Amino acid sequence: MQHTISTLLEHSPIIAVITLDDVNHAIPVVSALVEGGVTAIEFTSRTPAGIAAIPIVRETFSDIFLALGSISHASDLLKFSKIGVDLIVTPGLSHTLLDAAKTAKVSILPGISTASDIILGLEYGLRYFKFFPAEALGGIHYLKALSQPFTQCRFCPTGGISPLSMNDYLNMDQVDIVAGTWLAPNDIIQVQQWHKITENAVQAVQILKR
Ligand code: 3PG
């Protein structure tokens with residue numbers, strides 16, 4: 001089943017972002033997250049293993065929400081939108097990238113950090129944006145000010161989000177998803193401590209209920 005950005009919320013309001021060095025870690029890391037209750041997962045395209053993981057994970061976990069992130073070239077977007085992803089995530093946006101997403105007919109969550117970025121996205125009919133890099137930009141304080149003229153938009157803060165800050169963001173009217181690497185950080189994946197990733201996911205799901 002192909003999900004769209006509007007079905008993302010039926011999964012979990014947290015996207016676990018993973019940068020993978022070894023494709024053999026793809027299934028164990030996703031299994032650990034799903035066991036802990038996090039079923040929205042983004043592999044970054046920063047490593048070949050992250051891209052290779054998508055079709056493998058899709059075959060095993062047909063119903064999870066699966067995104068490919070860190071896409072910044074239109075040619076990559078066109079190529080990788082067909083390998084089983086529900087969503088393409090980009091750190092920023094441009095006419096070329098947004099045109100490519102239209103051509104590929106793939107959902108896109110583009111990164112924004114300014115009002116001009118949001119206006120460009122709106123011109124393409126988009127309403128959901130990745131607020132990136134959230135904490136470095138000024139966090140909630142900045143997002144509150146930035147979002148005021150754009151009440152029709154929703155934001156997914158990413159970059160520096162932690163178990164301590166996730167609910168502060170999610171309590172904002174215009175935020176219903178957060179994303180980050182804290183659930184499955186690279187150092188834990190490297191040493192294959194899958195139970196720690198499940199623990200992080202369980203903890204995040206518990207924090208959501210508070
Ligand atoms: C991303 O690629 O979306 C970000 O690098 C994630 O940021 P984080 O590592 O601070 O969660």
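Whatever order the structure lists them in is the order used to number ligands and atoms, beginning at 1. Small disclaimer: the values here were computed from a predicted structure and weren't measured. Hydrogens, waters and symmetry mates play no part in the numbers below; they use all other heavy atoms, side chains included.
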Participant: Decide, yes or no, whether a salt bridge links D117 with K130 under the criterion of side-chain N to carboxylate O below 4.0 Å.
Facilitator: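 Salt bridge flag = no for K130 with D117.
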
Participant: Return the minimal non-hydrogen interatomic distance between G139 and Y169, and the atom names on each side.
Facilitator: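 Smallest heavy-atom distance, with atoms named: CA-OH, 3.1 Å.
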
Participant: Any idea which residues sit under 4.0 Å from ligand 1, heavy-atom distances?
Facilitator: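 The 4.0 Å shell around ligand 1 contains R46, K130, F132, T158, G159, G160, G180, T181.
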
Participant: Please check: side-chain N/O of Q174 versus main-chain N/O of F150, any donor-acceptor pairing under 3.5 Å?
Facilitator: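 Present.
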
Participant: I'd like to know if the side chain of N186 reaches the main chain of T19, judged simply by a donor and an acceptor atom lying under 3.5 Å from each other, with no hydrogens or angles considered.
Facilitator: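 Between the backbone of T19 and the side chain of N186 there is a qualifying donor-acceptor contact (under 3.5 Å).
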
Participant: Could you give me the CA-CA distance, side-chain angles and deciding distance for V175 and F131, then say whether side chain to side chain contact (heavy atoms under 4.5 Å, CB included) is met?
Facilitator: CA-CA 10 Å; V175 174; F131 172 57; over 6 Å; no

Participant: Is there any ring-ring contact (aromatic ring centres under 6.0 Å, His included) pair reaching into residues 74-95, and which pairs are they, with sequence neighbours excluded?
Facilitator: H95-Y124

